[in-house]
Amino acid sequence: VQLQASGGGLVQPGGSLSLSCAASGFTSHYGAIGWFRQAPGKEREGVSCISTSDRSTYYLGSVKGRFTLSRDDAKNTVYLQMNDLRPEDTAVYYCVAGLLPCLGYGDLYYGGNMDYWGKGTLVTVSS
């Protein structure tokens, strides 16, 4: 089970970044894949998630309308397009996957426990 994330970096407020996560080793078994983040001094929080069964997609309230999660099944890769980035988006972003579908309601993501975690990639939003 491997989740390989890439795409972090430094961006100015209002800018954009795209993160990608390539999954391998278990792709026929997981029920959800997405991203968590952890800002300095704060707890980890779920950012976005897509359920593999019905492709329902969920977002943390503060990123709705700015972030877009997509999935390329042929490449077993998910992408997080982040637009209009704000300093409060600064965090280490982790690609995650779980055996169960995403925990969410409507299009809001509640996070919850995920079974597999990749190494984080740092996103810094600063002028």
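Annotation: side-chain contact (heavy atoms from CB on, under 4.5 Å) contacts of Lys119 (sequence neighbours excluded): none. Looking at residues two or more places apart in sequence or on another chain, you find a side-chain contact (heavy atoms from CB on, under 4.5 Å) between Ser62 and Arg37, Leu60. Applying the side-chain hydrogen bond (donor to acceptor under 3.5 Å, both in side chains) criterion to Ser6, with sequence neighbours excluded, gives Ser20. In this structure Gln81 satisfies the side-chain hydrogen bond (donor to acceptor under 3.5 Å, both in side chains) test together with Asn83, sequence neighbours excluded. With sequence neighbours excluded, the residues satisfying side-chain contact (heavy atoms from CB on, under 4.5 Å) with Val92 are Tyr94, Leu122. Residues forming a side-chain contact (heavy atoms from CB on, under 4.5 Å) with Ser127 (at least two apart in sequence, or on another chain): Pro13. With sequence neighbours excluded, no residue forms a ring pair (Phe, Tyr, Trp, His ring centres under 6.0 Å) with Tyr109.
Crowding of Gln38 atom CD: a count of heavy atoms from other residues, nucleotides or ligands under 6.0 Å exceeding 12. Residue Asp73 places its CG atom among more than 12 non-hydrogen atoms of other residues, nucleotides or ligands, all under 6.0 Å distant.
Rounded to the nearest 0.5 Å, atoms CZ (Arg71) and OG1 (Thr57) are 10.0 Å apart. Annotation: the span from Leu3 atom CG to Ile33 atom CD1 amounts to 5.5 Å, rounded to 0.5 Å. Put simply, CE on Met114 and CG on Leu99 are 9.0 Å apart, with the number rounded to the nearest 0.5 Å. One distance of note links CG of Leu85 with CD of Gln12; it measures 11.5 Å at 0.5 Å rounding. Residue Met82 holds its CE atom at 9.0 Å from OG of Ser16, rounded to the nearest 0.5 Å. If you take CD on Gln4 and CG on Asn76, they are separated by 14.0 Å, rounding to the nearest 0.5 Å.
Across all their heavy atoms, Gly8 and Thr121 have their closest contact at N-OG1, 3.2 Å. Ile50 approaches Leu69 most closely through the heavy-atom pair N-CD2, 3.5 Å.
Applying the salt bridge (charged side-chain N to carboxylate O under 4.0 Å, His left out) rule to pairs touching residues 93-113 yields Lys64-Asp107, sequence neighbours excluded. Among residue pairs with one or both ends in residues 91-127, those qualifying as disulfide (SG to SG under 2.5 Å) are Cys21-Cys95, Cys49-Cys102; sequence neighbours excluded. Residue pairs meeting the ring-ring contact (aromatic ring centres under 6.0 Å, His included) criterion with at least one partner in residues 41-83, sequence neighbours excluded, do not occur; the list is empty. Applying the salt bridge (charged side-chain N to carboxylate O under 4.0 Å, His left out) test to every pair with at least one member in residues 91-105, sequence neighbours left out, gives no pairs at all.
Remark: of the listed residues Trp35, Tyr93, Phe36, Phe36 is the sole one forming a ring-ring contact (aromatic ring centres under 6.0 Å, His included) with Trp117.
The hydrophobic cluster analysis finds Leu10 isolated: no Ile, Leu, Val, Met, Phe, Trp or Tyr side chain comes under 4.5 Å of it, directly or through other members.
The shortest side-chain heavy-atom distance between Leu80 and Val78 does not fall under the 4.5 Å cut-off. By the 4.5 Å heavy-atom criterion applied to side chains, Asp115 and Tyr30 are not counted as neighbours.
Put simply, the side chain of Thr52 gets close to the backbone of Gly31: a donor and an acceptor are under 3.5 Å apart. For Ser51 (side chain) and Pro101 (main-chain N/O), no donor-acceptor pair under 3.5 Å exists by modelled atom type.
At a threshold of 4.5 Å between side-chain heavy atoms, the hydrophobic network of Ile, Leu, Val, Met, Phe, Trp and Tyr places Val63 and Leu103 in two separate groups.
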